[in-house]
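In what follows, a single structure is set out as C-alpha cells and then discussed.
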Amino acid sequence: MIWLLCCVFLILALATLIGMLLARRTGTESSRAIIKNLNARIRSWWWMCGVILLAVLAGDFGSIILFGLVSFLALREFVTLTPTRRADHAVLCWCFFVFLPVQYMLVAIGWYGLFSIFVPVYVFLFLPVRTALSGDTGDFTGRVAKIQWGMMAAVYCISYVPALLMLEIPGYADNVRMLLWLLVTVQMSDVLQYVFGKLFGRRRIVPEVSPGKTVEGFVGGILSASLLGGLLYRLTPFTPMMALGAGMLVTLAGFGGGLCMSAVKRDMGVKDFGSMIAGHGGVLDRVDSLCFSAPLFFHMLRYFYT
C-alpha cells in the first residue's frame, strides 16, 4: 500500500513538472488555455490524492467522518442546482441534519440490516409525506423526486465507500486497503478515459449527454483501469483474475454513474455541479463514478466473501 501511494505521488510530481514546462513553451492562445486547464486539474489531483491518503491514515472512524462530509457537500451542490420552494426547506433540514448523520452512524456501528434500507425505504416514504404536509402541491412529484434522487446519490450510494470497512472477510483483516483499491481503480478509470479520449477520441458515445466521452476513451480507459485493478490484487482478498474482473465491474459501473450524472447536469442546464475543485467542477462531479460503483462493489464482496 505504501508502494502504491508513493507511485501515485511520484506520477503527480512528474505531471506537475511536465505541466510547468509546457506552460513556459506554449505560444498560442488556444494552447495556453488547454495547458492552464491541465495544470488546474493536476493541482486538484494533489488535493484529491491528499484526501485519499487522509482516508487511509484516518482509520475506520476517520474515513466515515470524511465521507460523511463528502456526502454533505455533494448533497448541497445537488440541492443548490435543484429548484426548490419555501415549503421544501423543512424537508431539506431533515435530509441534511437528521437523515445524513443517521445513515453514517449506522455505517459506523455496522448495522447492515438498517443501513442498507434506511434511505431507500424509510427516507423514501417520509419525504413525500412531509412535503405533502407543507400544503404546497406545485410540481409535487418533481420536487420530491429530485430530493429523493439527491439523497440516494449523494448520501446513500457514497456511504457504501466507508461501509466497506464494516465487512468481515475471513483471512482478510485490513479493509482500508480494499477501500484504497476501489478509490484508485475508479478514479484512475476517469483519468484514463479522459487521457485516451483526448489522444485518440474520434467517435462520441452520447454527444447529447456528455460530449467529451468517446468510444476510444471508454475502451482505453476501462481496459487499462481494469488491468490496473488486476495488478493491485494484493490490496484485496482477490486472485489476480478476480481483481481484473472486479476492476471491470467497478469501472463499467463508474462510467454509468458519470453518464447519468452528466444527464442530470444537462437537464439542469449546467456544465458542473459546482466549482469547489479547480478544473474538475464540484465534489459531486468527482464522486459521480463512486455513486454507482461503490454499492455494487460492496454487495459483490458481501455476497461472495462474507
Side-chain angles (χ1 to χ4, degrees), residues 51 55 58 60-84 88-131 142-167 179 182-183 186-187 250 253-254 256-258 260-261 263-265 268 272-274 276-277 281-299 302:
V51 170
D60 294 6
F61 184 74
S63 295
I64 291 170
I65 296 297
L66 176 63
F67 281 98
L69 177 61
V70 170
S71 280
F72 185 92
L73 295 173
L75 182 61
R76 187 190 67 171
E77 290 176 351
F78 189 94
V79 169
T80 300
L81 295 178
T82 303
T84 57
D88 298 326
H89 292 177
V91 175
L92 293 174
C93 283
W94 277 91
C95 291
F96 278 100
F97 303 113
V98 178
F99 298 143
L100 190 155
V102 168
Q103 176 70 8
Y104 278 88
M105 181 195 71
L106 296 173
V107 172
I109 64 178
W111 191 350
Y112 170 78
L114 186 55
F115 148 74
S116 61
I117 64 170
F118 178 65
V119 174
V121 176
Y122 297 107
V123 175
F124 174 81
L125 296 174
F126 175 87
L127 291 179
V129 173
R130 182 62 185 84
T131 304
R143 287 158 49 209
V144 172
K146 289 173 182 176
I147 296 174
Q148 287 174 332
W149 175 259
M151 283 297 295
M152 284 295 295
V155 179
Y156 180 72
C157 290
I158 295 176
S159 70
Y160 271 99
V161 179
L164 292 169
L165 303 172
M166 76 163 60
L167 294 174
L179 186 151
L182 174 66
L183 293 177
V186 173
Q187 292 300 318
V250 298
C260 289
M261 287 302 180
V264 172
K265 288 183 285 187
M268 294 179 178
D272 298 311
F273 281 108
M276 181 173 290
I277 306 174
V283 172
L284 192 52
D285 292 291
R286 280 297 88 216
V287 298
D288 53 4
S289 301
L290 287 171
C291 290
F292 279 43
S293 59
L296 287 177
F297 185 59
F298 176 93
H299 286 291
R302 189 174 184 276

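Computed over heavy atoms, backbone and side chain alike; hydrogens, waters and symmetry mates excluded.
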| request: Please lay out, stage by stage, how V91 and V144 fare under the test side-chain contact (heavy atoms from CB on, under 4.5 Å). | output: CA-CA 9 Å; V91 175; V144 172; over 6 Å; no
| said: For L127 and C95: C-alpha separation, side-chain torsions, deciding distance, then whether side-chain contact (heavy atoms from CB on, under 4.5 Å) applies. | reply: CA-CA 9 Å; L127 291 179; C95 291; 3.7 Å; yes
| field | side-chain contact (heavy atoms from CB on, under 4.5 Å) assessment of D285 paired with K265 | value | CA-CA 10 Å; D285 292 291; K265 288 183 285 187; 2.7 Å; yes
| Can F298 and L167 be said to form a side-chain contact (heavy atoms from CB on, under 4.5 Å), step by step? | CA-CA 9 Å; F298 176 93; L167 294 174; 3.7 Å; yes
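Across A154 and S71, no two heavy atoms sit closer than the pair O-OG, 2.7 Å. Nearest heavy atoms, I64 versus P162: CG1-CB, 3.9 Å. Taking both residues in full, the closest heavy atoms of S63 and L165 are given as CB-CD1, 3.8 Å, listed atom of the first, atom of the second, then distance. Minimum interatomic distance between I158 and A153 (heavy atoms only, all atoms of both residues): CG1-O, 3.6 Å. Of all heavy-atom pairs between S293 and A253, the closest is CA-CB, 3.8 Å. The heavy-atom pair separating G113 from S116 by the smallest distance is O-OG, 3.6 Å.
The aromatic rings of F118 and Y122 sit tilted relative to each other, their planes meeting at an angle between 30° and 60°. Ring geometry for F126 against F99 counts as perpendicular: the plane angle is over 60°, on a 0 to 90° scale with 30° as the lower cut.
Among residue pairs with one or both ends in residues 142-164, those qualifying as salt bridge (charged side-chain N to carboxylate O under 4.0 Å, His left out) are D88-R143, D136-R143; sequence neighbours excluded.
Rounding to the nearest 0.5 Å places OH of Y104 at 8.0 Å from CZ of F67. Taking CD1 of I109 as the reference point, atom CE of M166 lies at 8.5 Å (rounded to 0.5 Å). Atom CG in L182 sits 10.5 Å away from atom OG in S289 (nearest 0.5 Å). Rounding to the nearest 0.5 angstrom, the gap separating the CZ atom in F96 from the NE2 atom in H89 is 11.0 Å. Here L81 contributes atom CG and R76 contributes atom CZ; the two are 11.0 Å apart, rounded to the nearest 0.5 Å. Between the CH2 atom in W149 and the OH atom in Y156 there is a gap of 13.5 Å [rounded to 0.5 Å].
Between L92 and L75, the closest side-chain pair of non-hydrogen atoms is not below 4.5 Å. By the 4.5 Å heavy-atom criterion applied to side chains, L179 and V161 are counted as neighbours.
Side-chain N or O atoms of Q187 include one that pairs as donor or acceptor with a backbone N or O of R286 at under 3.5 Å. No donor-acceptor pair closer than 3.5 Å links the side chain of Y160 to the backbone N or O of C291.
In Y112, the OH atom is crowded: over 12 heavy atoms of neighbouring residues, nucleotides or ligands sit closer than 6.0 Å.
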